[in-house]
K.L.:
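I have a structure I would like to understand better, so I am pasting it below and will then ask my questions one at a time.
Basis for what follows: all heavy atoms, side chains included, without hydrogens, waters or symmetry-related copies.
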Amino acid sequence: MRYDLVIFDNDGVLVDSEPLSNRLLAGYLTELGHPTSYEDSVRDYMGSALHRVHDLVLERTGRRLPEDFDEVFHARVFAAFERELRPVPGVTDVLEKLAADGVPYCVASSGSHERIRVGHRTTGLDRWFTDERIFSSEDVGRGKPAPDLFLYAAERMGVAPGRCVVVEDSPLGVQAAVAAGMDVYGFTAMTPPERLADAGRLFADMGDLAGLLV
C-alpha cells in the first residue's frame, strides 16, 4: 500500500446519498421561493456544508433562509435515508480489503456527525466506522474547499498529510484535498470527469479502488 491513511468522503463515496439529498434540497429551496433544479443543486452545493447554501442564497437574493432551514432539511433527508439509502456499490468490498490488510482509513465529510451516523447505520456501514474514524465539518472552523477538515482528520489519525490519499466525488472536496497537500482520487460515478480534473487519478467503479491504491 502506497499510503498510510485512506480518507473517504461520505456522501456519494460511501453512501449513495447525493441523488436523494440534492433532489430534496432543490425541492425545498424552490418551495421557499428560490427556484432550484436538481442540476443546479448538484452544481452549486454537492460536497459542501449547509452554510454554503445559506451563503449563496443570501448573496444571490439578499434574503436569508429560515432559521429552522437546517432542521427541516435534515428531517426530510433522514426520512428519505430510512426509506431509500444504500451503500455505494462496491464500497463494502473496499473496506473489507483495507481492514484485512490493516490499512488505516477514516471518513471526513461536510455533513454533520448526525447525518454521517444515520447514513452509516441505515446502510450497515457503521460496522466499519467507529467514532474515532469519523470526522465532520462540524469539527473545524471551515468546511471544504478549505483544507482544514482533511488536515484535522490526518492529525487525529496520526498520519502526515503527504502520506494520505483522499477519495472524493465533488470539485469542492478535490480542491480541499489538494490544498491539504494530499493525493486525491476522483470518483466519477456521478460527477463528470472534467469537474474533477485536479484529482491525481479518476475512476468510475468503486470496485476498482482497492487495486488503484496498491
Side-chain angles (χ1 to χ4, degrees), residues 1-23 38-39 41-48 84-111 116 119-120 123-125 127-129 133-135 137 143-145 147 149-151 153-154 157 159-214:
M1 177 66 64
R2 69 179 73 179
Y3 301 103
D4 295 334
L5 177 65
V6 181
I7 304 177
F8 291 95
D9 176 43
N10 189 55
D11 294 292
V13 171
L14 295 175
V15 295
D16 195 16
S17 54
E18 292 291 9
L20 293 175
S21 58
N22 281 285
R23 185 186 74 222
Y38 172 81
E39 291 76 17
S41 181
V42 169
R43 182 194 65 226
D44 293 341
Y45 304 122
M46 182 173 160
S48 67
E84 305 175 54
L85 190 62
R86 299 290 183 271
V88 167
V91 78
T92 55
D93 293 336
V94 173
L95 294 171
E96 285 178 357
K97 175 66 172 171
L98 294 177
D101 291 347
V103 178
Y105 63 89
C106 65
V107 57
S109 172
S110 293
I116 297 167
H120 287 188
T123 58
L125 293 184
R127 64 176 293 207
W128 304 106
F129 290 94
R133 295 180 187 265
I134 297 176
F135 304 100
S137 61
K144 306 169 189 178
L149 176 57
F150 289 139
L151 292 172
M157 296 293 289
V159 178
R163 298 296 303 159
C164 299
V165 61
V166 176
V167 184
E168 265 287 354
D169 71 332
S170 76
L172 293 176
V174 169
Q175 290 177 46
V178 171
M182 301 176 180
D183 283 358
V184 54
Y185 287 11
F187 182 44
T188 62
M190 183 173 167
T191 308
E194 59 270 19
R195 297 198 69 209
L196 303 180
D198 290 337
R201 301 189 71 163
L202 300 176
F203 68 106
D205 186 336
M206 186 58 70
D208 294 336
L209 178 60
L212 295 174
L213 293 173
V214 176

K.L.:
I need the minimum non-hydrogen distance between S17 and G12, along with the two atoms involved.
P.N.:
OG-N, 3.8 Å
K.L.:
Could you list all the side chain to side chain donor-acceptor pair (under 3.5 Å) pairs where at least one residue sits in residues 192-210, not counting sequence neighbours?
P.N.:
none
K.L.:
Could you pull out all residues at least two apart from T191 that satisfy side chain to side chain donor-acceptor pair (under 3.5 Å)?
P.N.:
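So T191 forms no side chain to side chain donor-acceptor pair (under 3.5 Å) with any residue.
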K.L.:
Using a 4.5 Å cut-off on heavy atoms from C-beta on, say whether the side chain of V6 contacts that of V167.
P.N.:
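Heavy-atom side-chain distance check passes, below 4.5 Å.
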K.L.:
Starting at CZ of R163, measure out to CG of D183 and round the result to the nearest 0.5 Å.
P.N.:
9.5 Å
K.L.:
State the OG-CG distance between S170 and D9, to the nearest 0.5 angstrom.
P.N.:
6.0 Å
K.L.:
What pair of heavy atoms forms the shortest contact from H120 to N10, and how long is it?
P.N.:
NE2-OD1, 2.8 Å
K.L.:
Just so I know, are the side chains of L20 and L85 near enough to count as touching, which here means a heavy-atom distance under 4.5 Å?
P.N.:
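The answer is yes; the side chains approach within 4.5 Å.
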K.L.:
Could you pull out all residues at least two apart from R86 that satisfy side chain to side chain donor-acceptor pair (under 3.5 Å)?
P.N.:
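Side chain to side chain donor-acceptor pair (under 3.5 Å) list for R86, sorted by chain: empty.
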K.L.:
Of all residues at least two apart in sequence or in a different chain, which pass the side chain to side chain donor-acceptor pair (under 3.5 Å) check with S41?
P.N.:
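Applying side chain to side chain donor-acceptor pair (under 3.5 Å) to S41 gives N22.
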K.L.:
L202: which residues meet the side-chain contact (heavy atoms from CB on, under 4.5 Å) condition with it, sequence neighbours left out?
P.N.:
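For L202 the side-chain contact (heavy atoms from CB on, under 4.5 Å) partners, ignoring immediate neighbours, are T188, P193, L196, A199.
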K.L.:
CZ/F203 to CG/L213 distance, rounded to the nearest 0.5 angstrom?
P.N.:
8.0 Å
K.L.:
Could you report the tightest heavy-atom contact between S110 and K144, atom names first, then the distance?
P.N.:
OG-CD, 3.5 Å
K.L.:
For a 4.5 angstrom cut-off between non-hydrogen side-chain atoms, does F129 reach L14?
P.N.:
yes
K.L.:
Side chains of residues 91-108: which donor-acceptor partners sit under 3.5 Å, not counting sequence neighbours?
P.N.:
residue, atom, partner, partner atom, Å
K97, NZ, D101, OD2, 3.2
Y105, OH, W128, O, 2.7

K.L.:
Take V13 and V88, measure what side chain to side chain contact (heavy atoms under 4.5 Å, CB included) needs, and give me the verdict at the end.
P.N.:
CA-CA 6 Å; V13 171; V88 167; 5.7 Å; no
K.L.:
Please walk me through it: do F187 and M206 pass side chain to side chain contact (heavy atoms under 4.5 Å, CB included)?
P.N.:
CA-CA 8 Å; F187 182 44; M206 186 58 70; 3.8 Å; yes
K.L.:
Would you call the rings of Y185 and Y3 parallel, tilted or perpendicular, where under 30° means parallel and over 60° means perpendicular?
P.N.:
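Plane angle over 60°, so perpendicular.
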K.L.:
Taking all non-hydrogen atoms of both residues, which atom of S48 and which atom of L172 are closest, and how far apart?
P.N.:
CB-CD1, 3.5 Å
K.L.:
Roughly how far, to the nearest 0.5 Å, is the CZ atom of F8 from the CG atom of L209?
P.N.:
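With rounding to 0.5 Å, CG (L209) is 5.5 Å from CZ (F8).
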K.L.:
Considering all heavy atoms of both residues, which atom of A180 and which atom of F150 are nearest to each other, and what is their separation?
P.N.:
CB-CB, 4.2 Å
K.L.:
Answer yes or no: is there an ion pair linking E18 with R23, defined by an N-O contact shorter than 4.0 Å?
P.N.:
no
K.L.:
At what distance, to the nearest 0.5 angstrom, does CG of D11 lie from CD1 of I116?
P.N.:
8.0 Å
K.L.:
So which atom in M182 and which in A154 form the shortest heavy-atom distance, rounded to 0.1 Å?
P.N.:
CE-CB, 3.8 Å
